[in-house]
S.K.: 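Right, I'll just put the structure down here and ask away after.
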Amino acid sequence: MDTIDKGILAIETDENNCKRVIFVPVNGTIRLSKCELTELFGVYRQTINAVIEAILKTNVFKEEETGKCRLIVKTSKIKIAYEPYEFGLIFIIAMAFRIDSENAEILRKWVADKMLISKISLPINIQNYGLN
């Protein structure tokens, strides 16, 4: 992983066979590719693709808000679209709540623990959620 650019979010097993989350953000976040997400969650690429598609279908996130995207043109309908290829922290957390794997459960518990212990708040722009 290129830590200079993207940061690190991983789950490691120590010498006592205990798993722990490694989190080294860059500029307050991280970005992971689909390959890195398969390693993080311990699932197949098809699972990652299905979860990404399911989350995007809910319209909670727009493609261009997921992380880094490529601009693509779909020739069948002559439509311009965004194809995400790196996913940011908020999207990865959303994925953790849709994936059924041991690593996803570890990540969910880690996020909850960090929020409760440090009393952190995620940066939220209320205007983006139609609450104003």
S.K.: Applying salt bridge (charged side-chain N to carboxylate O under 4.0 Å, His left out), name anything that partners E53, two or more places apart in sequence or on another chain.
M.R.: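 Only K57 meet the salt bridge (charged side-chain N to carboxylate O under 4.0 Å, His left out) criterion with E53.
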
S.K.: Could you state the interatomic distance from CD1 (I30) to CD (E86), rounded to the nearest 0.5 Å?
M.R.: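 The distance works out to 9.5 Å.
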
S.K.: Holding to side-chain hydrogen bond (donor to acceptor under 3.5 Å, both in side chains), I want the full list of residues that pass it with E105, two or more places apart in sequence or in another chain.
M.R.: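 Here the qualifying residues are K109.
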
S.K.: Which residues satisfy the side-chain contact (heavy atoms from CB on, under 4.5 Å) test with R45, sequence neighbours excluded?
M.R.: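 In terms of side-chain contact (heavy atoms from CB on, under 4.5 Å), with neighbours along the sequence ignored, R45 is linked to K34, C35, T38, N49.
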
S.K.: Could you go step by step and tell me if I48 and I99 meet the side-chain contact (heavy atoms from CB on, under 4.5 Å) rule?
M.R.: CA-CA 8 Å; I48 295 298; I99 294 175; 4.1 Å; yes

S.K.: Please report the C-alpha distance between K19 and N103 in whole Å, then the side-chain angles of each, then the deciding distance to 0.1 Å, and finally whether the side-chain contact (heavy atoms from CB on, under 4.5 Å) criterion is met.
M.R.: CA-CA 9 Å; K19 292 192 173 189; N103 284 4; 3.1 Å; yes

S.K.: Which heavy atom of R98 sits nearest to which heavy atom of I55, and what is that distance?
M.R.: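 Reported closest heavy-atom pair: CD-CG1, 3.3 Å.
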
S.K.: Give the minimum heavy-atom separation between F61 and L56, together with the two atoms involved.
M.R.: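 For F61 versus L56, the nearest heavy atoms are O-CD2, 3.9 Å.
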
S.K.: Can you find a pair of side-chain heavy atoms, one from I92 and one from L40, that are under 4.5 Å apart?
M.R.: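 Contact flag for I92/L40 side chains = yes.
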
S.K.: Could you pull out all residues at least two apart from S33 that satisfy side-chain hydrogen bond (donor to acceptor under 3.5 Å, both in side chains)?
M.R.: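 By the side-chain hydrogen bond (donor to acceptor under 3.5 Å, both in side chains) rule, S33 matches E36.
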
S.K.: Rounded at 0.5 Å granularity, tell me how far CD1 in I11 sits from CD1 in I106.
M.R.: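 One gets 5.0 Å once the value is rounded to the nearest 0.5 Å.
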
S.K.: Taking only residues two or more places apart in sequence or in another chain, which ones pass side-chain hydrogen bond (donor to acceptor under 3.5 Å, both in side chains) with E15?
M.R.: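 Expected list: none.
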
S.K.: Quick one: which residue pairs count as a ring-ring contact (aromatic ring centres under 6.0 Å, His included) with a foot in residues 25-55, not counting sequence neighbours?
M.R.: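 Found none.
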
S.K.: R20: which residues meet the side-chain hydrogen bond (donor to acceptor under 3.5 Å, both in side chains) condition with it, sequence neighbours left out?
M.R.: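 Listed in chain order: E12.
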
S.K.: D14: what forms a side-chain contact (heavy atoms from CB on, under 4.5 Å) with it, not counting sequence neighbours?
M.R.: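 Once residues adjacent in sequence are excluded, the partners of D14 under the side-chain contact (heavy atoms from CB on, under 4.5 Å) criterion are N16, C18.
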
S.K.: Any idea which heavy atoms bring A96 and R108 closest together, and the distance?
M.R.: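 A96 and R108 have their closest heavy atoms at O-NH1, 2.6 Å.
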
S.K.: I need the L9 CG to T29 OG1 distance, nearest 0.5 Å.
M.R.: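 Separation between the atoms: 9.5 Å.
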
S.K.: Could you measure the distance from the CG atom of L107 to the CE atom of M95? Nearest 0.5 Å is fine.
M.R.: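 Interatomic distance, L107 CG to M95 CE, rounded to 0.5 Å: 10.5 Å.
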
S.K.: Kindly state each residue pair satisfying ring-ring contact (aromatic ring centres under 6.0 Å, His included) with at least one member in residues 13-36, sequence neighbours excluded.
M.R.: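 Counting only pairs at least two positions apart or across chains, the ring-ring contact (aromatic ring centres under 6.0 Å, His included) contacts touching residues 13-36 are F23-W110.
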
